[in-house]
Colleague: 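Sharing a structure, written as structure tokens. Questions coming.
In listed order, ligands and their atoms are each counted from 1.
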Amino acid sequence: MEKQLVAVMDFGGQYSHLIVRRCRNLGVYAELIPHTTPYKTIKEMNPAAVILSGGPSSIYADGAPVCDPEILNLGIPVLGICYGAQLIAHIMGGDVNRAGMREYGKTELLVDDKTDLFSGIEDTEIVWMSHGDLIRSLPDDFDVIAHTAGSPVAAFRRNRIYGIQFHIEVVHTPRGEDMLKNFLFSICGCDADWSPESFVESAIREIKETVGSEKVILGLSGGIDSATVAVLIHRAIGDLLTCIYVDNGLMRKNETEEIVRTFKDNFRMNLEVVDAEDRFLKRLRKISDPEEKRQVIGDEFIRVFDEVAARIRDVDFLAQGTIYPDRIESAATSDLASRIKSHHNVGALPEGMLLRLIEPIRDLYKDEVRAVARTLGLPDSIVIRHPFPGPGLAARIIGEVTPDKLRICRDASAIVEEELRASGFYDKTWQAFAMVGDDLATGVLGDERSLGHLVTIRAVESVEAMTADFVRLPCDVLEKISSRITNEIGGVTWVAYAISSKPPSTIEPC
Ligand code: XMP
């Protein structure tokens, strides 16, 4: 069965991804494509519909983004949203001009035609507007299907081409989802057949076709992306997949054991666990600069991975857990596999080793990866765990990474995690951990004064980590964390709570 696709052309609008997500949430697979995508490419994609997104430009501005006008002659439904609608109007001979008064925010829409796009919608509806230009008039063969006090053409139709000046994809347009349903199901005739289950089914089919009887290797980190890819590929090709897990000694408490239990014992995968703690700690000795630490860790990972990969004979594919946000800016192709030189991928694999890259979850957003992971039976300990940085606990150890600071950071972080789970704060928190540096502070043990480490707790809330704020944890939760850390972990005398936001701080201290 051909995969049904709605192509969303990106004109740089802040809500472009939301359009894609709304379609997928309605069970219709959609993809964001650059506005420069040629007509021929789109034709080959054979989409069920094209949606033109909004954008920040005025269509008369120098360098304003345009699309190939032939797209309007594909014979399939097209929906232009905001800038996308103005562009359609402009291409088809309408008059688009600066608005006398900008329409911004909640606006009353007066519906003039309820036959298709606005079927089931009230005569007046609240919609979300955000535009400086407006469509003043259209050629005679267009129908105006809605207007507002400020926009004589708030929505139009010509055959199966539609334009709407407002944003149906945002929650501030309460009936937006119904309008999108009308477009996708009544106008385009789409089926709601995209779901985590259908994704798994088609991904397995595609992996089988691509890989055949060749061997695949995958670097498993314990994070959700590589874990999902591992299970997906294993379902498709079984023992032809070998996962390589490099234990760099900087992992969370019990993480290695959990990975072995999950992937080797439960899923019965070929898993090479490499105990490389000594190698990493040796190379990290005397290094306190955060950037240098990261580089050393990245470099050592590649060395270890290469060594193990080289021992596995006749490998043809390298799998990676690349996800949609990772490749948004690169406008990458959607081929499942593309031939690459080994040194172009994450690991500089041995000279001359030519691997093909396979990225089965390259089209998924993070929450979709979680849904797929659940469908595949991955445990909650992987599916809903806080993100963990590539350099591991080294990102939370200020100054040199020593075995003693590593022990304190690991054990204290485990206590933070346990207490957040116990108090119900874990799921409301983006990341929470303990950090430790070289500061020593005086404490009393029995009657003795002694010097011990200062441990700082960080718990932040965030959306996608670009900005963050500290979580307002109740004092009794903080008190419990503090008393457990000082009582259960030797060598700690003080506990502090980090209350700076990002910016100016970052989430990780190094
Ligand atoms: P910062 O500390 O920059 O972190 O506010 C933002 C998010 O990225 C994670 N992070 C990393 N992830 N390699 C990674 O894979 C890294 O070097 C790295 N540094 C930070 C961090 O945990 C947070 O979620």
Colleague: Looking just at side-chain N and O atoms, do T256 and D247 make a donor-acceptor pair shorter than 3.5 Å?
Modeller: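 Per modelled atom types, T256 and D247 side chains form a pair under 3.5 Å.
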Colleague: Nearest heavy-atom pair of T173 and H167: which atoms, and what distance?
Modeller: OG1-O, 2.6 Å
Colleague: Please find out if less than 6.0 Å separates the ring center of W128 from that of Y104.
Modeller: yes
Colleague: Do H386 and Y426 have ring centroids that are under 6.0 Å from one another?
Modeller: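 Yes, the ring of Y426 comes within the 6.0 Å limit of the ring of H386, centre to centre.
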Colleague: Using the salt bridge (Lys or Arg N to Asp or Glu O under 4.0 Å) criterion, which residues pair with D289? Sequence neighbours excluded.
Modeller: none
Colleague: Is it true that K366 and D225 make a salt bridge, defined as a side-chain N closer than 4.0 Å to a carboxylate O?
Modeller: yes
Colleague: When you pair each N or O of ligand 1 with protein N or O atoms, which pairs come out under 3.5 Å?
Modeller:
{"unit_1": "ligand 1", "atom_1": "2 (O)", "unit_2": "I507", "atom_2": "N", "d": "3.3"}
{"unit_1": "ligand 1", "atom_1": "2 (O)", "unit_2": "E508", "atom_2": "N", "d": "2.9"}
{"unit_1": "ligand 1", "atom_1": "5 (O)", "unit_2": "K502", "atom_2": "NZ", "d": "2.7"}
{"unit_1": "ligand 1", "atom_1": "5 (O)", "unit_2": "I507", "atom_2": "N", "d": "2.7"}
{"unit_1": "ligand 1", "atom_1": "13 (N)", "unit_2": "G390", "atom_2": "N", "d": "3.3"}
{"unit_1": "ligand 1", "atom_1": "15 (O)", "unit_2": "G390", "atom_2": "N", "d": "3.0"}
{"unit_1": "ligand 1", "atom_1": "17 (O)", "unit_2": "R294", "atom_2": "NH1", "d": "2.3"}
{"unit_1": "ligand 1", "atom_1": "19 (N)", "unit_2": "R294", "atom_2": "NH1", "d": "3.1"}
{"unit_1": "ligand 1", "atom_1": "22 (O)", "unit_2": "Q431", "atom_2": "NE2", "d": "2.7"}
{"unit_1": "ligand 1", "atom_1": "22 (O)", "unit_2": "E508", "atom_2": "OE2", "d": "2.5"}
{"unit_1": "ligand 1", "atom_1": "24 (O)", "unit_2": "Q431", "atom_2": "OE1", "d": "2.8"}
{"unit_1": "ligand 1", "atom_1": "24 (O)", "unit_2": "Q431", "atom_2": "NE2", "d": "3.4"}

